[in-house]
Visitor: 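One structure follows; several queries about it will come next.
Below, all heavy atoms of this structure are taken into account, side chains as well, without hydrogens, waters or symmetry copies. Only a predicted model underlies this, so the values are computations on that prediction, with no experimental measurement involved.
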Amino acid sequence: MSSALHRILLVLCLVSSLLQMTAGGGFREWCIADEQTPDEELLKALDWACGKGGADCSKIHVNQPCYHPNTIKDHASYAFNNYYQKFKNKGATCYFNSAAIITDLDPSHNSCKFETVP
């Protein structure tokens, strides 16, 4: 690859990174359920996150802002993200036995707001 092409690619990567940065100067990322993970695996991970994991899952209960859509994938995404944001600065990961992925697209919808912590 030519030197000029390398420079162009580098500039494009830098511009892309800058566009993804928030006003606070950091990247925003969320931990969500991987759509390829079967519901049975998501449910196991969801149960762990809301139980031993220590995520605050109160917003995915009936009549709460993140109950709808009422799917395992959507509830798992909320719980995974809550756990990840709550504990990532203490070394937590967005793994959940390969049931979750990191995204830079805000998964919030309607009145359901997914937190992000720098």
Side-chain angles (χ1 to χ4, degrees):
M1 217 183 268
S2 75
S3 167
L5 186 53
H6 276 115
R7 285 190 201 111
I8 291 171
L9 289 174
L10 180 61
V11 168
L12 288 175
C13 286
L14 290 172
V15 168
S16 175
S17 294
L18 289 172
L19 290 174
Q20 292 179 10
M21 293 184 82
T22 64
F27 286 103
R28 292 176 20 159
E29 61 183 18
W30 295 265
C31 178
I32 60 170
D34 185 337
E35 296 203 10
Q36 298 178 13
T37 304
D39 280 355
E40 307 81 55
E41 294 300 315
L42 288 176
L43 189 55
K44 287 179 196 174
L46 170 62
D47 288 344
W48 182 88
C50 293
K52 290 182 181 180
D56 177 2
C57 296
S58 61
K59 291 185 180 175
I60 57 175
H61 293 173
V62 176
N63 296 323
Q64 294 303 309
C66 298
Y67 179 72
H68 289 291
N70 181 17
T71 68
I72 293 170
K73 182 184 81 59
D74 287 289
H75 288 185
S77 289
Y78 184 85
F80 294 172
N81 187 67
N82 184 274
Y83 168 84
Y84 179 65
Q85 300 300 334
K86 192 173 181 181
F87 299 112
K88 71 181 180 182
N89 291 328
K90 296 178 182 175
T93 64
C94 176
Y95 180 65
F96 297 95
N97 204 24
S98 294
I101 59 171
I102 293 286
T103 182
D104 61 353
L105 300 175
D106 186 351
S108 299
H109 53 281
N110 302 323
S111 62
C112 180
K113 304 303 177 207
F114 281 57
E115 296 175 47
T116 183
V117 175

Visitor: Show your working on side chain to side chain contact (heavy atoms under 4.5 Å, CB included) between I60 and C50 and close with a plain yes or no.
Guide: CA-CA 10 Å; I60 57 175; C50 293; 4.3 Å; yes
Visitor: What are the two closest heavy atoms between L46 and A76, and how far apart are they?
Guide: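 Scanning both residues completely, I find the closest heavy atoms to be CD1-CA, 3.9 Å.
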Visitor: How about CG on N70, more than 12 heavy atoms from neighbouring residues, nucleotides or ligands closer than 6.0 Å, or not?
Guide: yes
Visitor: State, to 0.1 Å, how close F80 and A45 come at their nearest heavy-atom pair, and which atoms those are.
Guide: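 Heavy-atom minimum between the residues: CZ-CB, 3.4 Å.
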Visitor: If you define the side chain from C-beta out and look only at heavy atoms, does anything of P69 sit under 4.5 Å from H109?
Guide: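 A side-chain contact under 4.5 Å exists here.
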Visitor: If you compare all heavy atoms of D104 against all heavy atoms of W30, which two are closest, and at what distance to 0.1 Å?
Guide: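 Looking at all heavy atoms of both residues, the shortest contact is O-CZ3, 3.4 Å.
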Visitor: How many angstroms lie between atom OH of Y78 and atom CD1 of I32, to the nearest 0.5 angstrom?
Guide: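 Interatomic distance, Y78 OH to I32 CD1, rounded to 0.5 Å: 15.0 Å.
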Visitor: Between D106 and R28, is a salt bridge (charged side-chain N to carboxylate O under 4.0 Å, His left out) present by the stated rule, with each step listed?
Guide: CA-CA 8 Å; D106 186 351; R28 292 176 20 159; 3.7 Å; yes
Visitor: Does any part of the side chain of F96, heavy atoms only, come nearer than 4.5 Å to the side chain of D34, both counted from C-beta?
Guide: no
Visitor: Which atoms form the tightest heavy-atom contact between N97 and E41, and what is the distance?
Guide: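 Answer, listing the atom of N97 first, then E41: ND2-OE1, 4.2 Å.
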Visitor: Quick one: closest heavy-atom pair of S77 and A33, and the distance?
Guide: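 That would be OG-N, 2.9 Å.
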Visitor: First locate atom CG of L42, then atom CD1 of I72, and finally report the distance between them rounded to the nearest 0.5 Å.
Guide: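 Answer rounded to 0.5 Å: 7.0 Å.
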Visitor: Apply side chain to side chain contact (heavy atoms under 4.5 Å, CB included) to the pair Y84 and E29, showing each step before the final yes or no.
Guide: CA-CA 10 Å; Y84 179 65; E29 61 183 18; 2.6 Å; yes
Visitor: Report yes or no: does N81 contribute a side-chain atom to a donor-acceptor pair with the main-chain N or O of E115 at less than 3.5 Å?
Guide: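 Yes, the answer is positive, given that a donor and an acceptor are paired below the 3.5 Å cut-off.
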Visitor: Mind checking the OG1-CG spacing from T37 to L43? Nearest 0.5 Å is all I need.
Guide: 12.5 Å
Visitor: Closest approach of K88 and P118, non-hydrogen atoms and distance?
Guide: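 So the two residues come closest at CE-O, 4.0 Å.
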Visitor: Within this structure, what is the SG-CZ distance for the pair C31 and F114, rounded to the nearest 0.5 Å?
Guide: 10.0 Å
Visitor: In sequence, state the C-alpha distance, the side-chain angles, and the governing distance for H75 and Y67, and then conclude on side chain to side chain contact (heavy atoms under 4.5 Å, CB included).
Guide: CA-CA 7 Å; H75 288 185; Y67 179 72; 3.8 Å; yes
